[in-house]
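It should be emphasised that the depicted structure is a prediction, and the values quoted were computed from it without experimental measurement. Numbering of residues begins at 1 and proceeds along the displayed sequence.
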Amino acid sequence: MSETEKQQERTPAWTPIHGAPYRSVPYRPERMPEAESLAHAAELRTRMDERRTVRQFATDPVPAQVVRDAIACAATAPSGAHQQPWTFVLVQDPDIRRRIREAAEHEEQISYDGRLGEEWLAALRPLGTDEVKPHLTDAPALIVVFQQRYWLGEDGTKHKHYYVDESVGIAVGMLLSALHLSGLAALIHTPSPMRFLSQVLGRPENEKAFAVIPVGYPAADCEVPDLVRKSLDQVLVEV
C-alpha cells in the first residue's frame, strides 16, 4: 500500500458541514526552534526564488504520484467557510491534451488578432507569448483547475460557495509551490474564454474553468524571459 493510500485510509470522508454547529478539536503543533525556523525560511526563500514559468517542456513522463501529492497539498488550502470549492482534473491522455490545445489555440488566435486589446498585447510582448501553445501537448500532464460555483445538497438544492476566486487562487498558488519544490516545472495558462474545457472534460454545470497548468520537466533547450522580480523592499510594508 502506498503512502497516499495509507493517508486516505486515515482520513475520514468529507461531507458538507453547511449549517452544522461549531465544533473544535485540539491543535498543538510542536513549536520549531528559532534557529531551525530561520534556516528553513531562508532555504525556502532561495528555492522559491528559483521557480520560473516554463513554456518549453520535455516530453519525458513525470511520476504521476508526485503530481497527485502536489494536488493533495493544494487541496489543504484555506477556503471560504471551509467549502473547498475546487476540482483538479489531471489530464495525461495524449488525445485529450491535443483536443485541449486545438481549442485553446483557436481562442488564443482570436485574442491575439484583436480581442485582447493593444494595451494587454503590449504588456505581453516582452514575454514572447503568442497564440501557439506547444506546452499543452509537449508537457506530459495537464492539471485543469475548476471553480465550483455552488454545490448540490442531497435533495438537489443549490448552495452557494463563498470567496470562490480567492479560495481557488490560494490553492493554485500552493499547487505551483508544491510542484516546484518537488522538482517539476509548470505554468499558468488561462485561455479566454475557457468554456471548451468543461465540454472536453465533461465537467458538471456547477464548475467553471479557472486555469490550465502544464506540468513536466523543462526541455533541454528551454529558455525563459530575462525578468527581474521586485525586491522585498518594494513589496513589503512594515508598520
Identified side-chain contact (heavy atoms from CB on, under 4.5 Å) counterpart of H161 within the set R149, Q147, Q148: Q148
Check [X] against [Y] and note the closest heavy-atom contact, atom names and distance.
X    : Y    : answer
S167 : Y162 : OG-O, 4.0 Å
P193 : E107 : CD-OE1, 3.2 Å
G156 : L152 : O-CD2, 3.6 Å
F57  : G216 : CE2-N, 3.5 Å

Counting only heavy atoms not in [X] (residues, nucleotides, ligands), do more than 12 fall under 6.0 Å from its [atom1]?
X    : atom1 : result
E205 : CD    : no
E118 : CD    : yes
E34  : CD    : no
R45  : CZ    : no
D226 : CG    : no
H106 : NE2   : no
E166 : CD    : yes

Atom pair [atom1]/[atom2] of [X] and [Y] - distance to nearest 0.5 Å:
X    : Y    : atom1 : atom2 : value
I213 : L90  : CD1   : CG    : 11.0 Å
F146 : L197 : CZ    : CG    : 5.5 Å
L181 : E43  : CG    : CD    : 9.0 Å
I170 : M174 : CD1   : CE    : 9.0 Å
Q199 : I100 : CD    : CD1   : 12.0 Å
H180 : L176 : NE2   : CG    : 10.5 Å

S231 and D233: side chain donor to acceptor below 3.5 Å: no
Salt-bridge contact R101-D138 (side-chain N to carboxylate O under 4.0 Å): no
SB check E102 K133 (cutoff 4.0 Å): no
Sub-3.5 Å donor-acceptor pair from the side chain of [X] to the main-chain atoms of [Y], do we have one?
X   : Y    : value
R97 : A139 : yes
R51 : S177 : no
Q92 : P140 : no

Student check: side-chain heavy atoms of W86 and S79 closer than 4.5 Å: yes
Y150 six-ring face occupied by K160 cation (under 6.0 Å, within 45°): no
ILVMFWY network linking V168 to F88, side-chain heavy atoms under 4.5 angstrom: yes
Contact list for residues 181-213, test ring-ring contact (aromatic ring centres under 6.0 Å, His included), sequence neighbours left out: H135-H189
